[in-house]
Protein chains: 2
Amino acid sequence: MVERIVEAGRAVLAEEGYDACSTNRIAARAGVSPGSVYQYFPDKAAIVAAVIEGWSDETAERVAASLADRVGEPGGIGMVRATIEALLSALEADPELLRVVSEELPMAQHKERRTALERRVRELTATWLAVRPGASTAPDPAVSAWVLVLALENLAVRWVLDSPPVPRERLVEELVALVTGYLSAPRPG
Amino acid sequence: MVERIVEAGRAVLAEEGYDACSTNRIAARAGVSPGSVYQYFPDKAAIVAAVIEGWSDETAERVAASLADRVGEPGGIGMVRATIEALLSALEADPELLRVVSEELPMAQHKERRTALERRVRELTATWLAVRPGASTAPDPAVSAWVLVLALENLAVRWVLDSPPVPRERLVEELVALVTGYLSAPRPG
DNA sequence: TCCTGACGCGAGTGATCACTCGCATACAAT
DNA sequence: ATTGTATGCGAGTGATCACTCGCGTCAGGA
């Protein structure tokens, strides 16, 4: 029943956008009365939060799983490409919801969850960077991970949402070049 | 007088956030009556749009000027660093407003303006990439420019807003490494 | 001095929407 | 059968806020 409401919230957000996402509309979509919604959720924000949490966990899981499975493996270009593929696939799963989450929701509501997601991926990346062969050229794994995660995240999101005239395989090549180039760039010192 | 209202809108947005930014509050801040506002603006969105436009033009001008001045110069690492510095300085000028623009405003309202800004910078970057020495390693300047602009933009914005424990000079070094590494990365083919 | 019209004023209005409350219904226990 | 309880219902309510409208006020011309 809670599930039905959350599912309706997700559908309304994805199909009609944030502005149209009133509590009554969610209730109607779920086939329940507005009053019943408040037996399971304290307020509207809680419903939206539950929707975001579901999507966020799902997305994070796909990327983190790909990373976590391979941390410790002989680091190579295959690992980088696989992670990028996982990120793209995860974001492509529900582009409408992605659009609403990144462009329509006031970020204050879900900032904490989003940074938690990023932190998780960042830490996995930092670990991988630290144990990968040739780690010495990149002085601080934490900083490198921060740079890579934010750069890739934005590029992947914008590619999915703006659909620029760049084929998917080409994008993957570019992102791989971005990562490998950055990691092998000469440093002052 | 229009100017007074826009200035008040900017102040309210930056200091109190988007939620508190009601028309009456803007009017009060400007020292005019709510009614008078509507002799100069058709609706609330127009006020916000004017605020964003001012900030956006200002920001774009600083970055674009730095780029435009040097397109055609002997391309080198100095050019990259100078542009990154210009970007950071521009975003640091009003962090509060930057936060509201990137995190609180529903992006639908100012998406067009923001993409226009990005397109302008992207085209300048593409031009620079095309004429720079060693351009042959990067097959498509438009694609490379798209990658670089989106990556740098997000990193710069997040650095200003989240203030991670990375000193500014260090950030600049990382971003320079990101750009130069990407541009010199080996490509399949 | 009187007229006039444009500018600005601010209480008011209508619509929206999150949230509530008293009622109906269906089911379990006696 | 009858009562007690929990579950869901949906019209209603209060507050918020973008926007309006009729009135004062104070220019400058006659």
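In what follows, chains are A, B, ... by sequence order, proteins preceding strands, each numbered from 1. No hydrogens, no waters, no symmetry mates; every other heavy atom, side chains included, goes into these values.
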- How many angstroms lie between atom CD1 of Ile84(A) and atom OG of Ser89(A), to the nearest 0.5 angstrom? 11.5 Å
- Take the protein atom OH of Tyr40(A) and the nucleotide atom P of dT7(D), then report the distance between them rounded to whole Å. 7 Å
- Do you know which two heavy atoms are closest between Arg122(B) and Trp146(B), and how far apart they sit? CD-CA, 3.6 Å
- For Pro141(B) and Leu129(B), which heavy atoms make the closest approach, and how far apart are they? O-CD1, 3.7 Å
- Query: Which residues within residues 26-39 of chain A lie with some heavy atom under 4.0 Å of an atom in DNA chain C?
  - Reply: Gly35(A), Tyr38(A)
- Exceeds 12 heavy-atom contacts within 6.0 angstrom, atom CD of Glu85(A): yes
- Which value, rounded to the nearest 0.5 Å, describes the distance between Arg158(A) atom CZ and Asn154(B) atom CG? 9.5 Å
- Item | Test item: Met79(A) and Arg132(A) side chains (from C-beta on) under 4.5 Å apart, heavy atoms | no
- Message: Show me the pairs that pass side-chain hydrogen bond (donor to acceptor under 3.5 Å, both in side chains) and involve residues 35-46 of chain A, at least two apart or across chains.
- Response: none
- Message: Let me confirm one number: the NZ-CD distance from Lys111(A) to Glu118(A), rounded to the nearest 0.5 Å.
- Response: 9.5 Å
- For DNA chain C, note the earliest and the latest nucleotide, 5' to 3', having some atom under 4.0 Å of a heavy atom belonging to chain A. dA18(C) to dT20(C)
Short heteroatom pairs, N/O only, protein and nucleotides 22-26 of chain D, under 3.5 Å:
none

- Query: Are Glu15(A) and Arg99(A) ion-paired here, with the side-chain N under 4.0 Å from a carboxylate O?
  - Reply: no
- Item | Pairs where residues 55-66 of chain B contributes a residue and the test side-chain hydrogen bond (donor to acceptor under 3.5 Å, both in side chains) is met, not counting sequence neighbours | Asp57(B)-Arg113(B), Glu61(B)-Arg120(B)
- For Asn24(B), answer base if it contacts any base atom (sugar-phosphate contacts may also be present), sugar-phosphate if it contacts only those atoms, and nothing otherwise; contact means non-hydrogen atoms under 4.0 Å. base
- Item | Stretch residues 5-23 of chain A: residues that reach within less than 4.0 Å of DNA chain D through a heavy atom | none
- What distance separates Leu117(B) CG from Glu153(B) CD, expressed to the nearest 0.5 Å? 7.5 Å
- Could Glu174(B) and Arg170(B) be called an ion pair, given the rule that one side-chain N must be under 4.0 Å from one carboxylate O? yes
- Do Glu169(B) and Arg81(B) meet the salt-bridge criterion of a basic N to acidic O distance under 4.0 Å? no
